[in-house]
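All remarks here apply to the structure that follows.
For ligands, and for the atoms within them, numbers begin at 1 and follow the listed sequence. Worth knowing before you read on, the calculation uses all heavy atoms, side chains too, and leaves out hydrogens, waters and symmetry mates.
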Amino acid sequence: MTLAVTRIELREIALPLREPFRISSGVVRERRILLIRLADGDGYEAWGECVAGETPNYSPETVDTCRHAIRAWLGPLLLRSPLERAGDVAPIFEASVRGHRMAKAALEMPLWALAATREGRSLAAALEGTRATIEVGISLGIQASPNALAEKAVAARAAGYRRIKLKIAPGMDLAFVAAVREALGPGVSLSVDANAAYTPADTEHLSRLDSFGLVMIEQPFEPEDLRRHAELQRRLTTPLCLDESITSAARAEDAIALGSARIVNIKPGRVGGLASARAIHDRSAAAGVPVWCGGMLESGIGRAYNVALASLPNFTLPGDLSPSARYWERDVVRPEWTMSADGLVTVPHERPGIGVSVDTDRLDDLTTAHEDLGA
Ligand code: OSB
Ligand code: MG
């Protein structure tokens, strides 16, 4: 069976978050989200989502650079490349476009869903995912005070979340983590994420985090710097996890070989798509390194891809896969994503494609820009 995309719809929506989300490098109140709809000549279609943000504070890519990369280079490439399998597109993109991994992923991911839909099976099945449910962790943004953060953490725990991650930044770290650990007690799985806000000069300071029994410290230093992460890891007992640094399977192998990370965060939208994400999963598994699925404040469309990916066997730690209602007044999919009282999300194995339907009336209400590539 060949996959031939004949039309690519680019649609930007504005989706307000219920609460602002603050990380070390910036705050988001409303998501600008670039959505993609792929259609083939046989009447099949699939929706996907680009994970890029509005500003380049997490990665060099943004909504606008991704739109440009898709419109100018990647979209035309996809439209003129008939493929056997969804996995065939990544090498075609790699051969002529360097970088732009979020833009590549925004086309590659829905191609998997299109293929799965054509075959009448779920995206999770197409990826060979096996889990029926996935443990959910929450990522709490930086709050005004340690007490405010501790209150959020206690509420998250009561809601069932299996792991609580705190965003930290210089000056908003030790006292915040201490207040949360004190409020939650020693048994609750707790981690921190710096989004690259520290430098090697902070090594002594970061080593104080060892006393809180964290399951990991995520991305303390700048993404390019694997060696200094390895040096830091040698000074810490807490495992380091890398997020922004892991852009490909080769980078993941390097990080593992150097000792820069003992845990790997995989976001398919960051690493060029699902084939790359699976390769990172497989190589981490071969090295005995656990992985988990990160999030980028996706709408229910992007969330579907994360849930399907996280059904693979080496996703042994809770993922940032909060339910729709945590982010939005109303999501763009039906049914919305939910979490059980004991902190699990169900993989929609029995539904073809991404497993949720896109609420196109809702999309029409939220759309701020719209364009079609192809026939
Ligand atoms: O580092 O994981 C991150 C959101 C935006 C940019 C970076 C990150 C995040 C999150 C959100 O932590 C997690 C989620 O989607 O719930
Ligand atoms: Mg992170």
Going by distance alone, is a donor N or O of one side chain under 3.5 Å from an acceptor N or O of the other, for Glu350 and Ser122? no

Under 4.0 Å, heavy-atom basis, I'd like to know which part of Asn195 is in contact with ligand 1: side chain, backbone, both or neither. side chain

N/O separation below 3.5 Å, Lys267 to ligand 1: yes

Which residue from Gly319, Ala194, Ser139 reaches closest to atom 12 (O) of ligand 1 through any of its heavy atoms? Ser139

Under a 4.5 Å side-chain heavy-atom rule over Ile, Leu, Val, Met, Phe, Trp and Tyr, are Leu297 and Ile164 clustered together? yes

So, are Arg283 and Asp254 salt-bridged, with charged N and O less than 4.0 Å apart? no

Atom 11 (C) of ligand 1: the protein heavy-atom neighbour that sits closest, reported with distance to 0.1 Å: Gly295 O, 3.6 Å

Is the shortest side-chain N to carboxylate O distance from Arg228 to Glu222 below 4.0 Å? no

Polar contacts were defined as any N/O atom of the residue lying under 3.5 Å from an N/O atom of the ligand; does this apply to Arg303 and ligand 1? no

Within 45° cone and under 6.0 Å: Arg163 NZ/CZ vs Trp292 ring: yes

What protein heavy atom sits nearest atom 8 (C) of ligand 1, and how far off is it? Lys167 NZ, 3.4 Å

Shortest protein contact, atom 4 (C) of ligand 1 (heavy atom only): Phe21 CE2, 3.6 Å

Of the protein's non-hydrogen atoms, which lies at the shortest distance from atom 15 (O) of ligand 1, and what is that distance? Leu297 N, 2.9 Å

Atom 14 (C) of ligand 1: nearest protein contact (heavy atom, Å): Tyr327 OH, 3.4 Å

When you draw lines from the Mg ion (ligand 2) to OD2 of Asp193 and to OD2 of Asp243, what angle lies between them, to the nearest 10°? 180°

